[in-house]
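Here's the structure we're looking at; comments come further down.
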Amino acid sequence: MFASDEVHGWSRRHILGSAAAAMAYAACPAPALAQSRRAELILTQGRIHTFDPARPIVDSIAIAKGRVLAIGSADEVAAYMGDATRTLRLGGRTVIPGLNDSHMHPSRQGRFHALELRWDGVRTLARAMDMLAEQAVRTPKGHWVRVIGGFSPFQFEERRMPTIAELNAIAPDTPVVVTLLYSQALLNRAAVAARGLTSATPTPPGTRYEFTRDGGAIIHAEPNPDLVYAAIGALPALDPAAQQLSTRHFYRELNRFGLTSVIDAGGGGHRFPDDYGATQSLAVEGATGIRLSTYLFPQNKGAELAEFMRWTENYEAGQQFGPLEHGLEIEGGGEFLTWSAGDFENFLAARPELDQRPRWRSDLLAVVRHLMARRWPLRIHATYDQSISQILDVFADADRAERDGGRQGLAGIRWAIDHAETVSDVNLARIKRMGGGLAFQSRMAFAGEYFLERYGRAATDRAPPLKTALQVGLPVGLGSDATRVGTYNPWVTLQWAVTGRSIGGTPLHGPCQHLSRQEALFAHTAGSAWFSQEEHEKGRLSPGFLADLAVLDRPFFDVASEDIAKIESLLTLVGGTPVWAAGAFADMIAPLPAVEPPWSPLNHFRTYTS
């Protein structure tokens with residue numbers, strides 16, 4: 001039978017802080033313990049939001065050996081002070097548990113981060129094009145200017161994409177690629193020439209080139225993104241040492257916004273273990289500065305089962321690398337389990353029909369049964385309710401077949417649906433009954449205008465049904481799907497969840513699906529920890545939990561809703577160790593070396609423009 005609701009469900013009681021299971025971890029230690037345990041670090045004079053049911057807001061926290069030692073008033077926590085204790089006075093600043101992104105592609109982004117020009121947060125197309133023109137001048141021959149997602153044309157005052165003619169004018173001799181979500185990619189004339197593209201160039205099914213009169217091209221995913229993947233994959237790469245430094249910079253950039261954990265969903269064109277070298281090297285050195293839970297994403301279409309069989313033979317679910325607890329951990333399989341079951345989230349094209357792919361059911365069934373038998377957690381990309389219904393049928397068939405074979409099936413396996421913008425109430429109840437969770441990302445904040453135009457207001461009002469999922473009692477985690485769709489800035493996700501508006505200000509999910517700030521923050525901390533089976537260690541500032549937290553530059557619960565996305569961290573701790581520091585705390589960490597190559601956009605522009 002399926003796992004019980006009692007084990008897997010998250011009720012409103014959890015969010016409000018009265019769950020009995022959490023109480024066992026959250027209870028403050030007795031005063032007698034103060035004599036045997038001394039804090040290494042105490043933060044005091046803050047407004048610390050703990051998600052501890054017994055003490056939801058305190059002004060002081062004590063940390064020792066990477067975990068929370070005690071919380072409470074300044075006097076209570078002072079009992080844990082020793083001769084070597086360092087004390088930081090926060091001046092009333094807001095502190096939250098470290099943010100945890102339920103679905104991002106960080107190890108892939110790290111490989112390319114130093115080579116990308118980011119338009120995240122840029123408010124005008126004119127400024128974006130000025131940045132591109134400046135970068136084109138410094139980019140040497142043989143290299144490209146690349147803008148790979150993380151923005152929406154609706155964030156610009158001009159509310160449009162650049163034209164090929166504009167790209168040609170500012171970069172006549174430098175190849176330029178600009179990708180929009182997984183829907184389109186713009187190539188200037190120099191890029192088309194560098195790739196040798198012509199009208200005779202073959203394209204995968206569901207894709208096409210549109211060659212423009214001025215010598216450029218537009219790649220269209222209709223809805224298959226393979227051609228967009230290929231355009232990115234054909235670009236020059238960094239050498240291993242430069243990739244490692246690029247990755248360090250990206251992980252510190254995540255720390256800048258208070259992220260302390262990320263669930264890594266693999267990604268197209270990102271092969272395990274070959275392409276994980278930079279992240280694995282950093283993890284072995286204890287230098288990631290962030291905790292990464294990694295799901296393995298097969299790359300060989302039609303041979304996914306063979307990949308998973310090799311992985312489950314050579315690796316264990318839960319296997320860790322390096323000295324940082326949960327610093328780099330193999331979590332399970334996904335977000336793609338098989339390519340034939342992928343329903344691409346391109347709202348500029350019609351919804352794909354899985355049944356038009358003759359092998360998708362048998363492919364998926366074989367992989368899901370294998371992962372169930374090996375007791376690996378799993379997650380699957382599914383945008384549309386129609387796809388979710390069919391995928392749940394396959395999961396149910398796999399569970400039944402495994403149990404008929406004398407095995408456990410889905411019971412006890414942590415599994416989730418990713419994205420789920422149009423999941424229905426019927427399927428919400430079904431996911432809960434089957435013991436799954438929902439990892440929602442802020443893709444609609446970037447693609448919502450296209451969804452609204454194609455599917456209308458009624459569908460948009462509940463895309464996705466954030467509030468309903470919580471009311472049903474499902475585990476819910478928030479995230480970004482960064483970096484090729486959305487930005488990695490978690491405060492953009494939180495603003496979208498609370499306001500229902502895109503980054504261009506368009507109303508999307510209606511008031512009935514808006515989350516309160518408390519609910520949204522919970523989903524982006526403790527909620528996301530469920531998906532890596534760490535909800536009893538992460539996401540709360542309770543005694544015994546990991547000492548991952550962020551001291552914010554603005555009070556999240558008090559700022560105007562339109563200013564949530566402007567929040568940054570002044571001090572981010574992972575296991576009580578500073579991994580980001582700014583303002584009054586800036587001297588607590590050393591700056592990273594400058595990235596290579598010297599002409600990297602990172603040496604000249606902030607990667608997120610607040």
Side-chain angles (χ1 to χ4, degrees), residues 105 108 111-112 115-116 142-149 161-165 167-168 171 173-237 266-271 274-275 297-307 335-360 362-364 381 383 450 484-485:
H105 303 274
R108 182 179 67 183
R111 293 166 54 204
F112 305 108
L115 295 173
E116 291 184 3
H143 290 274
W144 291 52
V145 177
R146 53 186 92 181
V147 180
I148 309 297
M161 290 286 286
T163 65
I164 299 295
L167 297 178
N168 286 339
D173 302 313
T174 304
V176 174
V177 57
V178 178
T179 67
L180 172 64
L181 310 166
Y182 283 125
S183 301
Q184 292 182 348
L186 308 184
L187 304 175
N188 72 343
R189 183 172 50 241
V192 170
R195 291 283 312 279
L197 301 175
T198 71
S199 58
T201 301
T203 59
T207 69
R208 67 183 173 92
Y209 288 111
E210 175 191 347
F211 291 97
T212 62
R213 292 181 179 179
D214 43 17
I218 303 172
I219 296 173
H220 294 274
E222 295 179 334
N224 180 359
D226 280 1
L227 207 54
V228 177
Y229 282 144
I232 299 169
L235 300 176
H270 189 52
R271 296 181 180 274
D274 302 16
D275 294 331
F297 185 129
Q299 302 298 322
N300 297 317
K301 294 182 180 181
E304 297 93 343
L305 178 59
E307 285 192 80
E335 68 176 291
F336 267 31
L337 298 175
T338 64
W339 284 79
S340 59
D343 73 337
F344 308 115
E345 71 283 3
N346 181 1
F347 303 140
L348 289 173
R351 174 178 58 81
E353 297 284 352
L354 295 187
D355 281 339
Q356 293 179 357
R357 306 167 188 169
R359 292 180 48 190
W360 84 268
S362 59
D363 289 349
L364 183 60
H381 167 118
T383 302
Y450 301 120
R484 296 181 181 178
V485 175

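Side-chain atoms of Val192 and Phe211, non-hydrogen and from C-beta on, do get closer than 4.5 Å to each other. With contacts defined as side-chain heavy-atom distances shorter than 4.5 Å, the pair Trp144/Leu187 qualifies. Residues Pro175 and Arg195 are not in side-chain contact: their nearest non-hydrogen atoms beyond the backbone lie 4.5 Å or more apart. Contact annotation: the side chain of Tyr450 approaches that of Leu181 to within less than 4.5 Å [non-hydrogen atoms, C-beta and beyond]. Side-chain contact check for Thr179 versus Ile219: every heavy-atom pair is 4.5 Å or farther apart. Looking at heavy atoms from C-beta onward, Val178 lies in side-chain contact with Met161 at the 4.5 angstrom threshold. In this structure, Ile164 and Leu186 have side chains that are in contact, with non-hydrogen atoms separated by less than 4.5 Å. Annotation: side chain of Thr338 is not in contact with side chain of Trp360 (no heavy-atom distance under 4.5 Å).
Taking the six-membered ring for Trp, Phe297 and Trp339 have ring centres closer than 6.0 Å.
With Gln184 contributing its side chain and Ile218 its backbone, the two residues share no donor-acceptor pair below 3.5 Å. Distance alone, capped at 3.5 Å, is enough to place a donor-acceptor pair between the Gln299 side chain and the Gly267 backbone. Looking at Gln356, its side chain never comes within 3.5 Å of a backbone N or O of Leu354 through a donor-acceptor pair. Not one N or O on the side chain of Glu116 forms a donor-acceptor pair closer than 3.5 Å with the backbone of Arg146. Judged by distance alone, with hydrogens and angles left aside, the side-chain atoms of Asn168 form a donor-acceptor pair with the main-chain N or O of Asp214 at under 3.5 Å. When atom types are taken as modelled, the side chain of Asp343 and the backbone of Arg351 share no donor-acceptor pair closer than 3.5 angstrom. Here the side chain of Asn346 pairs a donor or acceptor atom with the backbone of Ala221 at under 3.5 angstrom. Put simply, the side chain of Arg108 never gets that close to the backbone of His270: no donor and acceptor are under 3.5 Å apart. A donor-acceptor contact shorter than 3.5 Å is absent between the side chain of Asn224 and the backbone of Pro204. A donor-acceptor pair is defined here as one N or O able to donate and one able to accept, closer than 3.5 Å; no such pair exists between the side chain of Glu210 and the backbone of His220.
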Apply side-chain contact (heavy atoms from CB on, under 4.5 Å) to the pair Val147 and Val176, showing each step before the final yes or no.
CA-CA 8 Å; Val147 180; Val176 174; 5.8 Å; no
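For the atom pair Asp173 CG and Asn188 CG, the distance stands at 9.5 Å (nearest 0.5 Å). Distance check: Leu364 CG to Glu304 CD gives 9.5 Å after rounding to the nearest 0.5 Å.
In terms of heavy atoms, Pro236 sits closest to His143 at CB-ND1, 4.1 Å.
Ionic pairing of Arg271 and Asp275 is not present here: no N-O contact between side-chain nitrogen and carboxylate oxygen is shorter than 4.0 angstrom.
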